[in-house]
Amino acid sequence: YAIAALATALIFKFLPDDQPEASNKRALSWKELDIGRLLKNYWIWPFLLYLTLRGVAMHCASTFTSYLVQDVGADVSAIGTLNFLHSLCEVPMLFFSQRLIKRYGLLPLLIFTSLVYVLSEFSYAYINNVYQLYFITCCSGICYGIYVPCFVQYTAAIAPKGLENTTQT
C-alpha cells in the first residue's frame, strides 16, 4: 500500500496545476438550489428506492464476507484476494462500459447488472470452496464496473435541468 501511495503522490506532484484562478463565485443557498424541483421529479423516487435496496444488500453482503471465507475453509486473509479480484475485474469494465451502454442502453444494463448481483448473492449460500467465491467475486466486479457508469449516466438523464450534479449526490 505504501508503495502505491508513494507512486500516486509522485505522479500528482509532477502533474501541471491547471486550476483557474479563484473566482468570486459564492456558494448557492438551499433556496437557490431549488431542491423541491428535484424532489418533485417522479423518476427520482423509484430510482432512490432501487439504490437503497441495492446498497443495503451490497453492504450487508460485505459485512459477512469474513464469515463466508471461514465457512468455505479459507483463511481470513483471502479477503484481501477477494478485494483485489473485485477491483481487477471492475476497473477495466469502467473503461469498456461506454461501448456496452451505446449498444444495449442504460436501463437494460442496470437491470442486467442487478440480476447478476442478485444471483451472486444467492450463490453464496451454495458455494463449497474459496475458488467458487473467487469466481463470484470476479463476476460481481465485472458487473459493478458496468453498473457505476450506468448509474451516473442514468442519474444525469433523469435529473431536472441544472440539477444533474445535485442529483448524483
Side-chain angles (χ1 to χ4, degrees), residues 8 18-20 22-69 71 79-127 132-169:
T8 303
D18 293 337
Q19 294 287 335
S23 64
N24 293 331
K25 291 183 181 178
R26 62 176 181 78
L28 297 176
S29 69
W30 279 99
K31 188 173 185 176
E32 292 170 322
L33 279 176
D34 198 15
I35 300 294
R37 194 165 48 113
L38 174 65
L39 298 178
K40 290 177 187 173
N41 185 335
Y42 171 79
W43 295 108
I44 295 295
W45 292 104
F47 194 59
L48 283 175
L49 178 63
Y50 161 77
L51 290 176
T52 301
L53 294 174
R54 183 175 169 113
V56 167
M58 209 162 69
H59 291 293
C60 286
S62 65
T63 300
F64 297 105
T65 302
S66 61
Y67 299 114
L68 180 61
V69 168
D71 283 349
I79 293 174
T81 306
L82 291 173
N83 290 332
F84 167 75
L85 288 173
H86 192 276
S87 299
L88 184 70
C89 295
E90 175 186 339
V91 171
M93 295 311 295
L94 290 170
F95 296 107
F96 183 66
S97 63
Q98 193 58 40
R99 289 183 185 168
L100 294 173
I101 291 170
K102 285 180 182 176
R103 183 171 183 169
Y104 298 107
L106 293 172
L107 278 178
L109 284 174
L110 281 170
I111 292 168
F112 172 75
T113 58
S114 296
L115 289 175
V116 171
Y117 182 75
V118 167
L119 288 173
S120 67
E121 291 297 311
F122 279 120
S123 64
Y124 286 147
Y126 301 103
I127 62 173
Q132 292 171 339
L133 184 57
Y134 290 159
F135 175 75
I136 294 169
T137 300
C138 288
C139 291
S140 295
I142 290 169
C143 283
Y144 195 73
I146 298 169
Y147 166 76
V148 170
C150 289
F151 155 73
V152 170
Q153 289 183 33
Y154 185 74
T155 304
I158 64 172
K161 187 157 179 71
L163 293 175
E164 294 87 356
N165 294 338
T166 304
T167 305
Q168 290 184 13
T169 57

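Remember, it's a predicted structure, so these values are computed and weren't measured experimentally. One-based numbering along the sequence shown.
- The distance from the CZ atom of F64 to the CG atom of D71 is 12.0 Å, given to the nearest 0.5 Å.
- Separation of atoms OG1 (T65) and CG (N83) is listed at 8.0 Å; rounding is to 0.5 Å.
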For this session: Test side-chain contact (heavy atoms from CB on, under 4.5 Å) on I79 and S66 and set out the steps.
Result: CA-CA 7 Å; I79 293 174; S66 61; 3.5 Å; yes
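- The CG atom of L110 sits 11.0 Å away from the SG atom of C143 when rounded to the nearest 0.5 Å.
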Which pairs would a plain distance check flag for residues 92-107, meaning a side-chain donor or acceptor within less than 3.5 Å of a matching protein atom at least two apart in sequence or in another chain?
residue, atom, partner, partner atom, Å
S97, OG, M93, O, 3.3
S97, OG, L94, O, 3.2
Q98, OE1, Q153, NE2, 2.6

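- In this structure, R54 is positioned above the aromatic face of Y147, its NZ or CZ under 6.0 Å from the six-membered ring centre and within 45° of the axis.
- Annotation for F122 and Y126: closest pair O-CD1, 3.4 Å, computed over non-hydrogen atoms.
- To the nearest 0.5 Å, atom CD1 of residue I136 and atom CG of residue L82 are 10.0 Å apart.
- Residues L68 and I127 have side chains in contact (heavy-atom distance under 4.5 Å, counting atoms from C-beta outward).
- Scanning all heavy atoms of the two residues, the minimum distance from W43 to I158 falls at O-CD1, 3.7 Å.
- Atom CZ of F112 has 12 or fewer heavy atoms from other residues, nucleotides or ligands within 6.0 Å.
- Under the 30°/60° scheme for interplanar angles, the aromatic rings of H86 and Y144 are found to be tilted.
- For the atom pair S120 OG and I142 CD1, the distance stands at 11.5 Å (nearest 0.5 Å).
- Distance CG/L119 to SG/C139: 10.0 Å, rounded to 0.5 Å.
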